2 protein chains.
Amino acid sequence: MDACKALGAKFELWQTAGLDPDRCPVRGLLDQIGDRWSTLLLCALAVGPRRFSALHRLIPDISKRMLTQTLRTLEADGLVHRDVRPTVPPSVTYSLTPLGRSFAGPLLGLVEWAETHFPAVLQTRAETKRAA
Amino acid sequence: MDACKALGAKFELWQTAGLDPDRCPVRGLLDQIGDRWSTLLLCALAVGPRRFSALHRLIPDISKRMLTQTLRTLEADGLVHRDVRPTVPPSVTYSLTPLGRSFAGPLLGLVEWAETHFPAVLQTRAETKRAA
DNA sequence: GTAACTCGGTCTCAGATAGAGACTGGTCGG
DNA sequence: CCGACCAGTCTCTATCTGAGACCGAGTTAC
């Protein structure tokens with residue numbers, strides 16, 4: 001696998017920088033984006049702009065607390081735009097920024113891999129559980 | 001963006017299944033693989049097989065506890081192979097399985113995106129912090 | 001000879017983090 | 001007049017994480 005060597009090479013490069021979170025993209029970016037909700041939210045927003053409560057209905061398992069927090073982080077990272085219109089009741093719409101949209105490509109690659117190999121993983125998990 | 005629509009379409013599909021973690025790959029797989037250490041470990045193992053203590057030296061920030069736990073999860077998911085030779089002192093070598101190696105492709109895409117846009121994100125973060 | 005270090009972990013305890021769900025305040029429908 | 005809806009915040013608890021001590025046998029350093 002070529003990608004494997006490329007990944008390895010990149011890792012060794014970060015290594016030399018002591019894996020400093022300010023220099024290593026995996027630690028600085030993927031740590032955050034890779035949490036339980038960020039990827040799911042980015043997928044939900046890929047469909048189009050959504051309001052806070054619409055997102056909450058789409059993903060009922062997330063608590064309002066984490067929904068707020070995750071959206072704020074994504075906003076701070078410049079992946080999501082937060083549009084507040086101070087009407088009554090308030091209306092807040094979230095949408096992907098161009099940066100956020102540019103993330104859809106790599107994310108789609110990941111998701112497709114996950115879809116393809118998910119059955120295999122589930123089977124391995126089941127076997128492991130039986131062995132234990 | 002085409003990838004954007006594709007992502008959105010996938011999300012709506014999972015939606016119909018109630019985002020069940022057993023059916024939605026993002027929840028079932030990326031939740032786990034996307035934690036702080038898994039991606040980093042996969043990168044480290046992309047270079048080649050490594051022993052437990054070698055991995056710990058490569059990534060000193062991880063505690064032994066989390067290193068054990070993360071490797072066990074990756075093993076249960078079939079991404080990593082654990083090879084124990086009961087010598088004295090014991091020798092345990094971890095390596096990527098074919099499945100793990102097949103993950104290098106999509107992961108590399110993600111990492112390259114992260115590298116490319118990391119400066120922009122850092123800048124946005126800094127601006128957000130200044131505004132606050 | 002004996003003190004220190006290695007191997008790959010496990011264990012405990014404290015601190016950080018996530019989730020559940022009540023609450024806000026103003027405005028609308030019935 | 002009672003409740004729902006908007007976008008959150010707040011508090012309390014449950015879970016998770018990290019730091020670091022400890023294991024036992026063998027190997028090395030002094």
Side-chain angles (χ1 to χ4, degrees), chain A residues 18-21 26-28 30-41 44-45 48-77 80-95 128 131-132, chain B residues 18-21 26-28 30-41 44-45 48-77 80-95 128 131-132:
Chain A
L19 292 179
D20 178 358
V26 169
R27 305 205 60 182
L30 302 188
D31 266 18
Q32 299 210 0
I33 291 173
D35 74 358
R36 177 160 14 270
W37 303 116
S38 296
T39 41
L40 213 49
L41 273 175
L45 286 172
R50 302 265 181 203
R51 300 179 59 170
F52 184 88
S53 50
L55 287 169
H56 198 202
R57 270 189 298 270
L58 284 173
I59 312 173
D61 285 2
I62 193 175
S63 62
K64 288 181 166 194
R65 194 180 154 281
M66 284 313 291
L67 181 54
T68 306
Q69 198 173 107
T70 307
L71 284 168
R72 290 302 207 298
T73 303
L74 290 174
E75 191 197 1
D77 283 1
V80 158
H81 175 67
R82 181 164 177 265
D83 184 34
V84 187
R85 261 161 301 159
T87 58
V88 169
S91 165
V92 180
T93 307
Y94 294 91
S95 53
T128 305
Chain B
L19 293 180
D20 178 358
V26 169
R27 305 203 60 183
L30 303 188
D31 266 19
Q32 297 210 2
I33 292 173
D35 73 357
R36 176 157 20 270
W37 303 117
S38 296
T39 39
L40 213 50
L41 272 176
L45 286 172
R50 301 268 182 200
R51 300 179 59 168
F52 183 88
S53 48
L55 286 170
H56 197 202
R57 270 189 298 270
L58 284 174
I59 312 174
D61 283 3
I62 194 175
S63 61
K64 287 182 167 192
R65 197 181 153 281
M66 284 312 293
L67 181 55
T68 305
Q69 198 173 106
T70 307
L71 285 168
R72 290 301 210 290
T73 302
L74 290 174
E75 190 196 3
D77 282 1
V80 158
H81 176 68
R82 180 163 178 266
D83 184 37
V84 187
R85 261 162 302 161
T87 58
V88 169
S91 165
V92 180
T93 306
Y94 294 92
S95 52
T128 305

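Treat the numbers as computed from the prediction; the structure is a model and nothing was measured. In what follows, chains carry the letters A, B, and so on, assigned in the order in which the sequence lines appear, proteins first and then strands, with residues in each chain numbered from 1.
- For the side-chain hydrogen bond (donor to acceptor under 3.5 Å, both in side chains) condition, the pairs that include at least one residue of residues 57-70 of chain B, sequence neighbours left out, are A:Arg27-B:Asp61.
- Residues of residues 32-40 of chain A that place a heavy atom closer than 4.0 Å to DNA chain C, in numerical order, are A:Arg36, A:Trp37.
- Along DNA chain C, the stretch of nucleotides lying under 4.0 Å from any heavy atom of chain B spans, 5' to 3', C:dC7 to C:dT12.
- Applying the side-chain hydrogen bond (donor to acceptor under 3.5 Å, both in side chains) criterion to A:Thr39, with sequence neighbours excluded, gives no partner residue.
- Of all the heavy atoms in A:Ala44 and A:Ile59, the pair that sits closest is CB-CD1, 4.4 Å.
- Proximity of B:Leu71 to B:Leu55: side-chain heavy atoms (C-beta onward) are separated by under 4.5 Å at one or more points.
- A search for side-chain hydrogen bond (donor to acceptor under 3.5 Å, both in side chains) contacts involving B:Ser38 returns B:Asp35, not counting sequence neighbours.
- Legend: residues meeting side-chain hydrogen bond (donor to acceptor under 3.5 Å, both in side chains) with A:Asp31, ordered by chain and number and at least two apart, are absent.
- At its two ends the helix from C:dG1-D:dC30 to C:dG30-D:dC1 runs along axes set 10° apart, each axis drawn from five pairs and the angle rounded to 10°.
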After noting the C-alpha distance and the side-chain angles of A:Leu67 and A:Leu41, does the key distance pass the side-chain contact (heavy atoms from CB on, under 4.5 Å) rule?
-> CA-CA 9 Å; A:Leu67 181 54; A:Leu41 273 175; 3.8 Å; yes
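- Here the OG1-CD distance, from A:Thr73 to A:Gln32, works out to 6.0 Å after rounding to the nearest 0.5 Å.
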Protein-to-nucleotide contact annotation, 5' to 3' order, nucleotides 3-11 of chain D [B base; S sugar-phosphate only; - none; under 4.0 Å, heavy atom] = ---BBBBBB
Determine all donor-acceptor pairs shorter than 3.5 Å in which one atom belongs to a side chain in residues 81-93 of chain A; sequence neighbours excluded.
from    : atom 1 : to      : atom 2 : distance (Å)
A:Arg82 : NE     : A:Tyr94 : OH     : 3.1
A:Arg85 : NH2    : A:Thr93 : OG1    : 3.3
A:Thr87 : OG1    : A:Pro89 : O      : 2.8

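- Of all the heavy atoms in B:Leu40 and B:Arg36, the pair that sits closest is CB-O, 4.4 Å.
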